[in-house]
Amino acid sequence: MTEHCSKWLDDPHLSFLIADNLVNAVGDPDVQKIRRHVMDVMDLVDYCNAKTEVIRAGGCAEGFRIRGTDVDIMYVDKLIKVVAETPKNVKMYVAVVRLVLSPDDPPGYVKLAVLTPSAPLQQIQESTKRVSGNYFLSSELYVRWHQRLNPTGVLHGPCVLDRTMHGDYDRAFCLEYKDWPACANEWIERKRQHGWPSQKLVRKIKNIGCHLMAIGSKKLHGDFSSEDLGNSTWIGDPLQWRMSFSVGEKHLVYSFNNTQFLTYGIFKLLNQEVFSQDQIVKDCICSYFLKTAIFWTIEETPSEYWKPERLIFCVDICFRRLIEWTKNGFCPNYFIRQNNMFMGKVQEWQLDYISSKLYKLHSEGWRCLLQCHSLVYLKEKLQNARRLITPNSYPISNPEEDFKVLKSSRRDEDTVYGEANIDAALVSEIIAKTQASPSVAVLELELKNSLTRETQRNLETLDLDILRLRRFHTLYQLALIYLNISLKKNTTRSRYAYIRKAFCYLHLVRFSDISKGNLTLATAYYCIGRFDSALDYIKEYDEKLGEDRGCIHSPICEGVVWFDQQYPHSFCGQGLSIMEKVSSAASYDFAVYQSMPLIPMEIALEVVMMKTTGSILTIPPELYSGFLKVLCYTNMGNLEMVGIVSVILNDILQRTTKGKQYLAYIMLGVAFVKLGNYEEALRCYCLAHIHKRKLAVSSQNSDRPEWHTRTSVLFYIAQMLRSLIPV
């Protein structure tokens, strides 16, 4: 392995300091574990299908939420059976392909002979290629067939890349091979001196088998006599399929201890924020190579190395392995040792260049980590500390020990706050996949799958709570859709059938949190003229809020889930289930979807101004509660209460975040209109216009281009109000 650099200090204090400053960028390992668990439980619901199994992979599935983290989704074709030997009765299956191992194919790659070329599957008919009288399933044609089903998708290796408003998704189309491939037997039989992975985990991964990705090995083609080495290109074999152990790799990452997980996170940061600054390194070094280096290093080193106080040392030994691989030109696949993963991706001249770049970076020692933008605050604190150090300062006089001036806090973290962080992450993950324009069919299928999984599987309490909380969220969206459908029905009977169903679902949703169910029911009752009932549900929310036990605040689709200071002491460390906590403390923003709006007409203009059907307007629940009371009391003729609530609304405005102040001013303006105070209403509308314009300019929000002009809709409203003011 590469020679050790003395600048990589094996210092406990430094390791804890780096770990402290990685929490925001990489995430707390304990929090990441609950995120992974929630995703795995929800996958049971989302991806029940006789034709296709969907498996989340990549950094997001491993629990990372680093900006730019890859979101990989594997679509496994369950209609095509993969076998090693021709079955006696092929007709038992819809489609069968057989593994063909050839000495001409590199380790880890196979061809697939089609045993049922006349199978009634379009993907078989359009992807089968006849070669020398034999039928083979072409990986190239197979992925192109899937790409044609999604014309906006872009071919990206074995994947179709989807670019959406929520990020990029790599959709990989593959087949499942349920047996363990013979070429990977060495991994099963490998002598492991340090006990990782455990024999139990090895057996589990073996039973999973592997998947076949629709991409072949690549060979270099080009003009090798030319001095311009960049002219040569990699050409893939259209008939080969690559063996993938993505599911097994997920289980390996799940088995990481906190230090191993943080080490992996550091290399992801280095790859995204440092390696990517050099185009050659960016094109050649991928996160999969880094993960592989960590797998090999953990397996071949004592478990005593992987402790929190030795984090810097662990990063060092992994870094040195990576440099050694680039120097030797060999990156061994973790499951198939003979598979050199540099082949087909990195040329020899590129390896020389990358090796020198990585060596130079590594020679800077642990301070090379400070080149990561995510550690910029630590870098600034170290620079400030260094200025205070002089040759005569005590106890630290060496500027290279500047890190000893700074304090670390992770070792002393309060357990109740740790539990609260996990609760917040769980709530965040459950609502993370909220769709702005869901279909009834998708939501009803999710509801059906959720109930099926709950009855068929022997689930633990936490898993049941996750399923139920997600189910409440599904019911909420279905209720909004049903209410929207009811408006379009011609007959009174069908209209009320949908309304009854919607109200039934909303009454169930009330028990999953303190705000969403109650305020949505209150809005629905207000819209149909039942103001007393609306006030009853607003009162329920206010009473919960008035208990002052703290809340988990969830902004649905924007911002970060957070909790009040009182929450950890009120709900954590008491053995409460997550369902008990969330039902008593989760406070969601009131969400208005343009595709299924449920909102009072007095602020419906905000929904009309949304540019796309995928837009969602979110309103802080305390603010919306006060506004809804103003409307109810106005319609009941109780202007005295409107005046009292208006004062409360003004108080709420003072503690409303900048991003939502324009809404607070709009609502306060409406209250003043109801009171006949047009001067104050005009002032509020003008302030709302100013705040919204500032917000649009600062965020460059393309969804609200009208706010970049002086002729915004709210400006016109202000002008109309001016005409109402008595002269």
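Between the side chain of T618 and the backbone N or O of A591 there is no donor-acceptor pair closer than 3.5 Å. Panel note: side chain E273, backbone H373; a donor-acceptor pair is recorded below 3.5 Å. In terms of modelled atom types and a separation under 3.5 Å, the side chain of S583 and the main chain of E580 share a donor-acceptor contact. For S512 (side chain) and L508 (main-chain N/O), no donor-acceptor pair under 3.5 Å exists by modelled atom type. Under a 3.5 Å cut-off, the side chain of N257 and the backbone N or O of Q260 do form a donor-acceptor pair. At least one donor-acceptor pair under 3.5 Å links the side chain of R36 to the backbone N or O of E62. Using a distance-only test at 3.5 Å, with no hydrogens or angles considered, a donor-acceptor pair links the side chain of H13 to the main chain of L406. Between the D316 side chain and the I312 main chain, no donor and acceptor come within less than 3.5 Å of each other. Here the side chain of R56 pairs a donor or acceptor atom with the backbone of M39 at under 3.5 angstrom. Judged purely by atom type and a 3.5 angstrom limit, S625 has no side-chain atom pairing as donor or acceptor with the backbone of P621.
For the atom pair CG of L322 and CD1 of I285, the computed distance is 5.5 Å after rounding to the nearest 0.5 Å. With values rounded to the nearest 0.5 angstrom, L469 atom CG is found 13.5 Å from E429 atom CD. Rounding to the nearest 0.5 Å places CZ of R453 at 13.5 Å from CG of L464. Here I538 contributes atom CD1 and S515 contributes atom OG; the two are 13.0 Å apart, rounded to the nearest 0.5 Å. Atom OG in S374 sits 4.5 Å away from atom CG in L269 (nearest 0.5 Å). Between L443 atom CG and I481 atom CD1 the span is 5.0 Å, to the nearest 0.5 Å.
A pairwise comparison of heavy atoms in L483 and A502 identifies CG-CB, 3.6 Å as the closest pair. Of all non-hydrogen atoms in S244 and S246, the two that sit nearest each other are OG-OG, 2.9 Å. Residues T656 and I652 share a closest heavy-atom pair of OG1-O, 2.8 Å. Heavy-atom minimum distance, S450 versus R471: OG-NH1, 2.7 Å. Contact detail for C314 and I317: the closest heavy-atom pair is O-CG1, 3.2 Å. Scanning all heavy atoms of the two residues, the minimum distance from C551 to S587 falls at CB-CB, 4.2 Å.
Residues L617 and F590 are not in side-chain contact: their nearest non-hydrogen atoms beyond the backbone lie 4.5 Å or more apart. Side-chain contact between D589 and S554 is absent, with no heavy atoms from C-beta onward closer than 4.5 Å. The side-chain heavy atoms of W196 and S255, taken from C-beta on, include a pair separated by under 4.5 Å. Put simply, the side chain of P620 does not reach to within 4.5 Å of the side chain of E622, judged on heavy atoms. Residues F289 and N271 have side chains not in contact (no heavy-atom distance under 4.5 Å, counting atoms from C-beta outward). For the pair Q477 and E446, the minimum side-chain heavy-atom distance is 4.5 Å or more. Using a 4.5 Å heavy-atom cutoff, the side chains of R510 and E540 are in contact. Contact annotation: the side chain of F571 never approaches that of D423 to less than 4.5 Å [non-hydrogen atoms, C-beta and beyond].
Environment of CD in Q654: crowded, with over 12 heavy atoms of neighbouring residues, nucleotides or ligands closer than 6.0 Å. Within a 6.0 Å radius of NZ in K33, more than 12 heavy atoms belonging to other residues, nucleotides or ligands are found.
Defined by atom type and a distance below 3.5 Å, a donor-acceptor pair is missing between the side-chain atoms of T263 and W306. In the model, E299 has a side-chain atom that pairs as donor or acceptor with a side-chain atom of Y334 under 3.5 Å.
Between F627 and Y624, the angle of the ring planes lies from 30° to 60°, which puts this pair in the tilted group. The aromatic rings of F256 and Y264 sit perpendicular, their planes meeting at an angle over 60°, well past the 30° parallel limit. Ring planes of W366 and F403: perpendicular class, angle over 60° (limits at 30 and 60°).
Look at E454 and R468 and you find a salt bridge, because one of the NZ, NE, NH1 or NH2 atoms lies within 4.0 Å of a carboxylate O, short of that distance.
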Fill in: Chi angles and distances behind the ring pair (Phe, Tyr, Trp, His ring centres under 6.0 Å) call for H37, Y254
CA-CA 10 Å; H37 187 76; Y254 287 6; 9.1 Å; no
Item to complete: Carefully, step by step, assess V253 and K291 under the rule side-chain contact (heavy atoms from CB on, under 4.5 Å).
Response: CA-CA 9 Å; V253 172; K291 178 164 67 174; 4.1 Å; yes
Worksheet item: Can you list the steps and then say if F335 with L252 is a side-chain contact (heavy atoms from CB on, under 4.5 Å)?
Response: CA-CA 12 Å; F335 289 93; L252 289 172; 3.8 Å; yes
Item to complete: Apply side-chain contact (heavy atoms from CB on, under 4.5 Å) to Y567 and H553, showing your working.
Response: CA-CA 10 Å; Y567 175 81; H553 298 272; over 6 Å; no
Fill in: Verdict with supporting geometry, M42 and I466, side-chain contact (heavy atoms from CB on, under 4.5 Å)
CA-CA 8 Å; M42 291 206 298; I466 292 169; 4.2 Å; yes
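In this structure, the ring of H251 has its center no less than 6.0 angstrom from the ring center of F245.
Exactly one of V31, N421, V38 qualifies for a side chain to side chain contact (heavy atoms under 4.5 Å, CB included) with L426. That residue is V38.
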